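One structure is given here, and the rest of the page talks about it.
So that the names make sense, note that chain A is the first sequence line, chain B the second, and so on, each numbered from 1. Source: prediction; values computed, not measured.
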2 protein chains.
Amino acid sequence: MSTVTAMPIGPGGTRYKEVKEAMLAALTEQEWKGGEVIPSEKKLADRFGVSIGTLRKAIDELCAENILIRHQGLGTFVAQHRRDRHFFRFFRVARRDGDRAYPVVTLVNFKRAKSAPAVAARLGINDGTRLFVFTNALALHDKVVVIDTVMLPETKFPGLTESMLRGRPNTLYNFYQDAFGINVTSTDERLRIGRASELESKLLEIEAGAPVLEVERVAYSINQKPVEYRITHINTEEYEYIAGTSKSSDI
Amino acid sequence: MSTVTAMPIGPGGTRYKEVKEAMLAALTEQEWKGGEVIPSEKKLADRFGVSIGTLRKAIDELCAENILIRHQGLGTFVAQHRRDRHFFRFFRVARRDGDRAYPVVTLVNFKRAKSAPAVAARLGINDGTRLFVFTNALALHDKVVVIDTVMLPETKFPGLTESMLRGRPNTLYNFYQDAFGINVTSTDERLRIGRASELESKLLEIEAGAPVLEVERVAYSINQKPVEYRITHINTEEYEYIAGTSKSSDI
DNA sequence: AAGTGGTCTAGACCACTAC
DNA sequence: TAGTGGTCTAGACCACTTA
């Protein structure tokens, strides 16, 4: 019977969760784009009809999920994939001595194909859906160590061309963000022993069929929809994959 | 100069960080032990001379780091390693179809040894420091798939014996907690291609020298001190290692 | 100096759990 | 019913950034 609160709590839970959902909606509708500053906490609190404390709790969670980034004195920004920030959150390969270098990427293949059942299942699409498929060779310290084979549903990346991939100035996920409004926020990865293909063996300078560390990745966008499927093969003679449970999400 | 606040903010930062540090100290001194309930928020706020809101912010962070666990209506508890909870936070092996089973553990070796330089460096101890070294074979769905070789500094685990390891009722990290007051809260892992040893090849039913997924783990306790070094070898013919960036820490 | 996010407060009320 | 944590408020003051 209380009539104290300005607005009743809607279906599904609490006020700050509602605010969070409303902000996620604004982000998916690209009202606020990657790298942009969002309105101040005061303005957002007014807009959603809640106190600053409640509004802050919603932003707290979005920051914890690496969707927003706060900057004291500056404002709150939509997280942007940049080579100099957040890059190593998704690139987990380092030299055995711990040195983490930026890879030099070379596109070695670009084609269209129809989705195999296993890939379609992971991407939540129908078998045979058309995909862009491309392969990148990643060099660390002037030596090719990683081969990425990336598969993207054509419907989510309309108009993607080989030259766009060659010309991109920043990271691949930055490119998804700027060119297609797709914000990769989390990944699911599975690791196992794989075997180098003929092409990979040449690029990695190992024998064909030699064991490599295989990483199967599905990348998810802001609304938890799968947007990318990727198979990575790593030569771990001098490099390794870094995992582990940490409290703060990045490195 | 303001004389409003009850206590000046000490060196190093903010009130809630101070409260958090004080609580971490109480935890390392085992004032509150694994599985126990800690005092109510009201009592802790009085004890530390802060408001409930500030006290809650300290607990928020400790919960985010999986050190405490809140239970509405019940209280706040010191996180405990249990077979039925938090186990898969550290055990990352699953069948390829996604099925995650509890391993059946068999101790196959127990000995003492002196630390090699590489291990000592990881554990932050001197070369040649005495270690307990033991090997476990882990079976999933009635088949040995994982071999763990665990190294523990004798000084941190005084009085550890083979029979204690055989008799433990719960998980290994639960055992560290109950028997030695060591709370493992995070791990650092590095993955690469390894080769099965003679012993491993027999247990895993593969050829000696066959490629296996090698995981090098350092486990850290509540105060970020390394407490365990471990090499894991996984047969990934039917199983795989699960990684990835997720927002919520557990699975 | 103006505007931003960061900290902290003191309290009301709600939701859950145990007895 | 009593006690716990969970949500929410309305505001003060601090620290940082830009101009």
If you compare every side-chain N and O of [X] against the phosphate oxygens of [N] (OP1, OP2), does one of them come in below 4.0 Å?
{"X": "Arg56(A)", "N": "dG5(C)", "answer": "no"}
{"X": "Arg15(B)", "N": "dT9(C)", "answer": "yes"}
{"X": "Lys42(B)", "N": "dT4(D)", "answer": "no"}
{"X": "Ser40(B)", "N": "dG3(D)", "answer": "no"}
{"X": "Lys57(A)", "N": "dT7(D)", "answer": "yes"}
{"X": "Ser51(A)", "N": "dA10(D)", "answer": "no"}

Between the side chains of [X] and [Y], does any donor sit under 3.5 Å from an acceptor?
{"X": "Glu228(B)", "Y": "Tyr176(B)", "answer": "yes"}
{"X": "His81(A)", "Y": "Asp178(A)", "answer": "no"}
{"X": "Thr185(A)", "Y": "Asn183(A)", "answer": "no"}

Measuring from the side chain of [X] (C-beta onward, heavy atoms only), which nucleotide among [options] has the closest atom?
{"X": "Thr14(B)", "options": "dC8(D), dG5(D), dT7(C)", "result": "dT7(C)"}
{"X": "Lys43(A)", "options": "dT4(C), dG6(D), dT7(C)", "result": "dT4(C)"}
{"X": "Gln72(B)", "options": "dT4(C), dA15(C), dC8(C)", "result": "dA15(C)"}

Interatomic spacing from OH in Tyr173(A) to CZ in Arg89(A) - rounded to 0.5 Å: 10.5 Å
Starting from [atom2] on [N], measure out to [atom1] on [X] and report it in whole angstrom.
{"X": "Leu44(B)", "N": "dG3(D)", "atom1": "CG", "atom2": "C1'", "value": "15 Å"}
{"X": "His71(B)", "N": "dC16(C)", "atom1": "NE2", "atom2": "P", "value": "13 Å"}
{"X": "Leu68(B)", "N": "dG6(D)", "atom1": "CG", "atom2": "C1'", "value": "16 Å"}
{"X": "Glu41(B)", "N": "dT17(C)", "atom1": "CD", "atom2": "C1'", "value": "15 Å"}
{"X": "Tyr16(A)", "N": "dC14(C)", "atom1": "OH", "atom2": "P", "value": "18 Å"}

Position toward the 5' end of DNA chain C (nearest nucleotide), Ile52(A) or Leu74(A): Leu74(A)
Mutual orientation of the aromatic rings belonging to Phe87(B) and Tyr102(B) [parallel < 30°, tilted 30-60°, perpendicular > 60°]: tilted
Nearest-nucleotide 5' precedence on DNA chain D, Leu55(A) against Gly73(A): Leu55(A)
